[in-house]
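The structure appears below as C-alpha cells.
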Amino acid sequence: SDEPMSASDCLTQDQFRTSMKEVHAKLDRILAIIQPPNTPGISHVVGKHCSELKPCIIKGVDVNLLPANNIYLFGLVLLDLYFTKEELSQRLIFPSTKSKKPMLDQEKVGTIIELMKQRFPDEQFDAKKFQEKANQKCRDANNYVLVD
C-alpha cells in the first residue's frame, strides 16, 4: 500500500541487530552445508567435474558451477534459479494429500531432476526424498516477506 509506515511498524535498532544476527547465523549454517570450510569458493564442485558437463546457463548462471555437496541440496539450489519465492510459496513441486496447492511447472521440475542426475550420476535419486525436501522449501518460502 501507499500508506506511510507508523512507528509501531518499525524495528528498534536492537531488534534489527538481533534479527540480522539471526539471519547471519542461518546463512553461515547454510554455507557450511553447501560449501564446506577450506574449499576454494564457488568453483568448488562436488559430483561430476564441471569440465565433464555441458554448460547449462540459467538466468546467467552456469548451474554446473553451483556449490552443492549432494544431489538434493543441488536440486534445492536449482529451485531458486527456476522459480521465484512467490511461485515457491504458492505451489508445491509434486501433489500432496495434505495441501491443495497447485504444482509448480512440471517441465521445469523435470529439467531440475535431470540436471541433478547429470551432476550426481553416482548418487541414487529418491523422488520421495526430493519431494519432501522441495515441498518443505515451498512451505518455507511463505516465511519470506516479498517486497517490491
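Throughout, numbering of the chain's residues begins at 1 and tracks the sequence.
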Set of side chain to side chain contact (heavy atoms under 4.5 Å, CB included) partners for Gln106, sequence neighbours left out |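 Listed in chain order: Phe94, Met103, Val109.
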Rounded to the nearest 0.5 Å, how far apart are [atom1] of [X] and [atom2] of [Y]?
X	Y	atom1	atom2	answer
Asn69	Phe120	CG	CZ	7.0 Å
Met116	Leu76	CE	CG	7.5 Å
Leu92	Lys100	CG	NZ	12.5 Å
Tyr82	Ile112	OH	CD1	6.5 Å

Counterpart residues, side chain to side chain donor-acceptor pair (under 3.5 Å), relative to Glu114 (two or more places apart) |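 Per chain and number, Glu114 pairs via side chain to side chain donor-acceptor pair (under 3.5 Å) with no residue.
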Heavy atoms only: give me the nearest [X]-[Y] pair and the separation to one decimal.
X	Y	value
Leu104	Cys138	CD1-SG, 4.1 Å
Glu87	Thr84	OE1-N, 2.8 Å
Gln90	Pro102	O-CD, 3.7 Å

What pairs of residues pass the salt bridge (charged side-chain N to carboxylate O under 4.0 Å, His left out) test when at least one of them lies in residues 69-83, not counting sequence neighbours?
->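 Passing the test, one end in residues 69-83: Asp80-Lys85, Asp80-Lys137.
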Within a strict 4.5 Å, meaning less than it, do heavy atoms of the Ile93 and Leu79 side chains meet?
->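 Yes - at least one pair of side-chain heavy atoms lies under 4.5 Å apart.
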All N/O donor-acceptor pairs, side-chain side in residues 126-134, below 3.5 Å, sequence neighbours left out:
residue	atom	partner	partner atom	Å
Asp126	OD1	Lys128	N	3.0
Asp126	OD1	Lys129	N	3.3
Gln131	NE2	Pro95	O	3.2

Hphob cluster co-occupancy, Val77 + Ile113, side-chain heavy atoms under 4.5 angstrom |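 Yes, because Val77 and Ile113 connect within a single hydrophobic cluster, where side-chain heavy atoms sit under 4.5 Å apart.
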May I have the step-by-step check of side-chain contact (heavy atoms from CB on, under 4.5 Å) for Asp140 and Leu88, ending in yes or no?
-> CA-CA 9 Å; Asp140 290 346; Leu88 291 173; over 6 Å; no
